[in-house]
Amino acid sequence: MRVRFAPSPTGALHIGGARAALYNWLLAHGPGDGGEARRGAFVLRIEDTDRERSTEENVAQILDALTWLGLDWDEGPISQIGNTPRHQEALAQLLADGHAYHSSATADDVRAYKARHGADRGFRGEPEASGAVRLHVPDEGQTAFHDLVRGEVSFPNASLDDPVIARADGSVLYNFAVAVDDLDSRITHVVRGEDHISNTPKQLLVFRALGVTPPQYAHLPLLHGPDGKKLSKRHGAASVQELRAAGYLPEAVNNYIALLGTGFAPDEEFFTMSEMAERFRLDRVSRSPAVFDEQKLRHINGQHLRALSTDELTARLEQFTGRSGLRGAVEISREKIQTLADFWPLAGFLFDGPADDPAAFDRVIGSGGGRETLAQARAALADLEPFTAETVESALRQIVERSGVKPGQVFQPVRVAIAGTTVSPGIFESVALLGRERTIALIDAALAR
RNA sequence: GCCCCCAUGGUCUAGUGGUUAGGACGCCUCCCUUUCACGGAGGAGAUCGCCGGUUCGAGCCCGGCUGGGGGUACCA
């Protein structure tokens, strides 16, 4: 099996594209039917025949996003524009064989043709001496294929326009280049988004004209935004880069987008890449579009985050935040965050001092006897030795017992004093990590307000 | 308009002729409990888009309809 992912570098790598790449990767990395460790090769090709919109920056960005996701390729990246000589050769062949012809017909001509022959009648041009190149489409029969996800799909040839496969300047167009490249790369399975399903008959016709056997096809359902429309920028984070910046883990992104459109097990949702590769099957892929739900991504991300060792999580958080020495804080925060981005707002006070939240201060310390209990806490902690989460806990709990108040009435003022807010990692652990000096200084500062 | 695809709670899914229609996210309640989470126990939420048909029996098979989506470039 040889599969490929062929993005066009006209923008960042979108989530939908990432999923197509992932499914191809899973296909190639799953165990082979004959017991091979790997089922096949994953080829990366850059669809850059549109010189106007393709940029080097976008290529670099896409490669970077794929690398971050861990979707490494076995061959490529192949630049489609780099195959121009081969495209021209194939084009000349079709022209010589009479499978294609020059035509100067414009979009208006095509419209006029349909007005005359019926809206469901595909355009048929007259061969001319020059102009763009169109492929001859038969008037009879169907161009059909067995889609590995959807089953039989067919298009009546009579309704298909003779597609333009090369511009008047001789440069080839997408549907032609794709077929030639898939042929040359010996691609056996084309797995791509459903937005390409109506391109498939055109490509099949190119293969037929070339007299070769086409690959098999599988069209994945599209990803939609909450409004039911194709996922795009206006739905928020729509690119892999944005997901990365939002603090999601690549393994969680892969897990979630793989789940969108296929289940791997009836009652399980947490999977590693190798588990997914092992279980992935095209015929298990859903045929209906799925709505991208960032809340569920957050949930899955939290699970992957907690599955990481503290050392590994620390390394990722230090990379993400650009700070170092985070291990202790990570240890006491890891149960409380869902994304890498959640960490700093929760634990940043341990490094940069308390957050500024006057409302929390007034509510917890500035009223209800908060100052008094805080002062008691200061006294209890001032000479505490050793200064560990355990000793801090028993010291503070003694205050609770002695004064007969609810635990929160003692813990919350301390929390606000050191963190500035009412949300933080466990209070004993936080105090212990800060150490006696800093804790006392922070309590004094709060008492002085 | 034309061509094509799709249709199970708000969302993602399991289910392939006989189930109290299962699970997950989200939401609600409770437990745990120092906040927030995590974890645990419950709960609300689906006439399986609609109408016909096949069948003793249909979410599952067939047809029509409706709704949604994609495509419709000398873009990819």
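Numbered from 1 within each chain, the chains take letters A, B, ... in sequence-line order.
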Verdict with reasoning, A/H136 to A/Y101, per ring pair (Phe, Tyr, Trp, His ring centres under 6.0 Å): CA-CA 7 Å; A/H136 272 304; A/Y101 60 96; 4.4 Å; yes
For [X] and [N], what is the distance between atoms [atom1] and [atom2] respectively, to the nearest whole Å?
X: A/F428; N: B/rU35; atom1: CZ; atom2: C1'; answer: 11 Å
X: A/L91; N: B/rC74; atom1: CG; atom2: P; answer: 15 Å
X: A/Y101; N: B/rC74; atom1: OH; atom2: P; answer: 12 Å
X: A/E393; N: B/rU33; atom1: CD; atom2: P; answer: 11 Å
X: A/K114; N: B/rC3; atom1: NZ; atom2: C1'; answer: 9 Å
X: A/K202; N: B/rC74; atom1: NZ; atom2: C1'; answer: 13 Å
X: A/I337; N: B/rU35; atom1: CD1; atom2: C1'; answer: 16 Å
X: A/Q303; N: B/rA37; atom1: CD; atom2: P; answer: 16 Å

Do NZ/NE/NH1/NH2 and the carboxylate oxygens of [X] and [Y] come within less than 4.0 Å?
X: A/R316; Y: A/E251; value: yes
X: A/K114; Y: A/D161; value: yes
X: A/D181; Y: A/R4; value: no
X: A/R281; Y: A/D283; value: yes
X: A/R45; Y: A/E47; value: yes
X: A/R150; Y: A/E194; value: yes

What is the base-pairing partner of [N], counting Watson-Crick and G-U wobble geometry with both distances under 3.5 Å?
N: B/rA46; answer: none
N: B/rU54; answer: none
N: B/rG26; answer: none
N: B/rU35; answer: none
N: B/rA7; answer: B/rU66
N: B/rU72; answer: B/rG1

On a whole-Å scale, what distance lies between the [atom1] atoms belonging to [N] and [M]?
N: B/rU11; M: B/rA7; atom1: C1'; result: 15 Å
N: B/rA76; M: B/rU66; atom1: P; result: 36 Å
N: B/rU19; M: B/rA46; atom1: C1'; result: 15 Å
N: B/rG9; M: B/rC50; atom1: P; result: 10 Å
N: B/rA58; M: B/rG15; atom1: C1'; result: 13 Å
N: B/rU13; M: B/rC48; atom1: C1'; result: 13 Å
N: B/rA44; M: B/rU54; atom1: C1'; result: 37 Å
N: B/rC31; M: B/rC36; atom1: P; result: 14 Å

Check every atom of [options] against the side chain of [X] and return the nucleotide holding the closest atom.
X: A/D267; options: B/rA14, B/rG22, B/rC74; result: B/rG22
X: A/S198; options: B/rG71, B/rG23, B/rC75; result: B/rG71
X: A/R415; options: B/rC74, B/rC36, B/rU34; result: B/rU34
X: A/H224; options: B/rU35, B/rG69, B/rC5; result: B/rG69
X: A/R150; options: B/rC5, B/rU13, B/rC74; result: B/rC5
X: A/D293; options: B/rA76, B/rU11, B/rC38; result: B/rU11
X: A/A119; options: B/rG69, B/rG1, B/rC4; result: B/rG1
X: A/R134; options: B/rU34, B/rA14, B/rC74; result: B/rC74
X: A/E335; options: B/rC74, B/rA37, B/rC2; result: B/rA37
X: A/V423; options: B/rG70, B/rC2, B/rC36; result: B/rC36

Under 4.0 angstrom between [X] side-chain N/O and [N] OP1 or OP2:
X: A/T49; N: B/rA76; answer: yes
X: A/R363; N: B/rU35; answer: no
X: A/R284; N: B/rA14; answer: yes
X: A/R167; N: B/rA73; answer: no

Give one of base, sugar-phosphate or nothing for [X], where a contact means two heavy atoms less than 4.0 Å apart.
X: A/A105; value: base
X: A/S333; value: nothing
X: A/R287; value: sugar-phosphate
X: A/T10; value: nothing
X: A/E47; value: sugar-phosphate
X: A/S424; value: base
X: A/A168; value: base
X: A/G261; value: sugar-phosphate
X: A/F155; value: sugar-phosphate
X: A/I427; value: base
X: A/E269; value: base

NZ or CZ of A/R449 within 45° of A/F361 ring axis and under 6.0 Å: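 Because its charged atom sits under 6.0 Å from the ring centre and within 45° of the axis, A/R449 does stack over A/F361.
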CA sep, side-chain torsions, deciding dist, call: A/F280, A/Y23, ring pair (Phe, Tyr, Trp, His ring centres under 6.0 Å): CA-CA 8 Å; A/F280 184 74; A/Y23 281 12; 4.8 Å; yes
Distance flag, aromatic centroids of A/Y248 and A/H304, threshold under 6.0 Å: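 Here the rings of A/Y248 and A/H304 have centres that are no less than 6.0 Å from each other.
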Residue mapping more 5' on RNA chain B - nearest nucleotide basis, A/D161 or A/P156: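 Upstream on the strand: A/P156.
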Nearest-nucleotide 5' precedence on RNA chain B, A/S103 against A/P221: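 Its nearest nucleotide being more 5', the pick is A/P221.
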Polar side-chain contact A/N199-B/rA76 base: donor and acceptor under 3.5 Å: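 When only heavy-atom distances are counted, A/N199 does reach the base of B/rA76 through a donor-acceptor pair under 3.5 Å.
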Quiz item: A/K336 side-chain donor-acceptor pair to B/rC38 base, under 3.5 Å: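 Counting by modelled atom types and ignoring angles, no donor-acceptor contact under 3.5 Å is found here.
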